[in-house]
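Read through the structure below, which is laid out as structure tokens, and then see the notes.
By convention in this document, chain letters (A, B, ...) are assigned in the order of the sequence lines, proteins followed by strands, and residues within each chain are numbered from 1. These numbers were taken from a predicted model, which means no experiment stands behind them.
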Amino acid sequence: MVLSTIPLARLNGPEDPRTRAPSTAASSSIPVISPLASQPVSEEVARLLSTSIDTVAELEILLFLHRRPDGEWDPNAAADLLYLDRGLSQKIFRKLHTKGFLTFRDDPYLLYRYAPPKDVIATIDKLAGLYTERRLMVIAMVAARRPSSVQLFSNAFKLRRGGR
Amino acid sequence: MFAGLVYALCAVTALSCAILLLRGFSRSGARLLLWGGLCFAALTVNNVLVFVDLILVLEVNLFTWRNAAAVAGMGVLVWGLIWDAH
């Protein structure tokens, strides 16, 4: 167990109800005991982050839809709610659909629905819990996997994608 | 004859680098690749002019033009690196 005197809500933003710490702890300096804080990141969550999530915006949209599994979403509406660029949101929705996290229908409007493969559902649930508890750590994990400019320079000389 | 082959291979190599780097830029959007691609594009011009100047058209001196292309290419790369660093 890890003790912290910093309320979690201060790290994640007090307006976000998802990140609100237990009521007695969030509003005082009583140490917060987070059951997840001492747990290592599970292998499947780390793999999901390293293979399927390229940016924090993608992560935000995936978890946004994860919290609303029954709804159908227009990328522009999600963008407005998450304060993202609409064009970026559309790209991310397409990308998440390509990766199998979403289904869509385009009649009468293009709407997406959260529908990940069954074997990934539990992993995304864990990721969502981890993101609520240790948001900065998850963001750091996503940011760390972005290739450096030097790596991109090197990759540019690979004739085939994924080639060595 | 051998010198001409070397100049031609240099031009082909520089052109290949330019194409690969600009292709990488179009995929990743990383500006380092843009500066590198533009630099190699200019170096391609430089090498083509070297071939033309020293092999094909001996009566015209292209020394200034071919070196200007090389300087422009390196200048773009250096400017891009400094600009990106900021």
Side-chain angles (χ1 to χ4, degrees), chain A residues 46-62 64 75-76 78-79 82-102 138-164, chain B residues 3-51 66-86:
Chain A
R47 193 182 310 118
L48 178 70
L49 283 173
S50 66
T51 58
S52 300
I53 307 294
D54 292 327
T55 64
V56 175
E58 283 180 35
L59 178 65
E60 282 283 352
I61 287 180
L62 178 64
F64 174 86
N76 292 338
L82 292 170
Y83 301 102
L84 291 173
D85 176 74
R86 286 185 166 191
L88 175 64
S89 177
Q90 289 163 11
K91 276 186 186 175
I92 291 175
F93 269 80
R94 281 197 296 271
K95 192 171 178 180
L96 292 175
H97 167 256
T98 303
K99 290 181 176 178
F101 295 122
L102 312 180
V138 174
I139 290 172
M141 288 177 71
V142 172
R145 70 174 294 262
R146 295 199 67 185
S148 65
S149 295
V150 174
Q151 184 65 51
L152 289 169
F153 195 90
S154 165
N155 291 345
F157 289 96
K158 292 176 179 172
L159 296 178
R160 293 184 200 163
R161 288 191 183 203
R164 289 177 183 271
Chain B
L5 181 64
V6 171
Y7 298 148
L9 286 175
C10 286
V12 170
T13 304
L15 179 63
S16 302
C17 290
I19 290 171
L20 290 171
L21 287 168
L22 293 173
R23 184 188 70 161
F25 170 70
S26 71
R27 288 178 179 172
S28 69
R31 283 198 297 266
L32 177 63
L33 303 187
L34 174 64
W35 308 130
L38 292 176
C39 174
F40 273 101
L43 292 178
T44 304
V45 173
N46 163 256
N47 282 296
V48 168
L49 289 179
V50 167
F51 185 79
R66 56 188 164 91
N67 283 308
V71 168
M74 299 310 294
V76 166
L77 181 62
V78 170
W79 184 82
L81 291 174
I82 294 171
W83 189 67
D84 266 355
H86 285 83

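Nearest heavy atoms, Phe153(A) versus Gly36(B): CE1-CA, 4.5 Å. Closest approach of Lys158(A) and Arg23(B) over heavy atoms only: O-NH2, 2.8 Å. Residues Ala156(A) and Gly24(B) share a closest heavy-atom pair of CB-CA, 4.4 Å.
To the nearest 0.5 Å, atoms CG (Leu32(B)) and CG (Leu152(A)) are separated by 8.0 Å.
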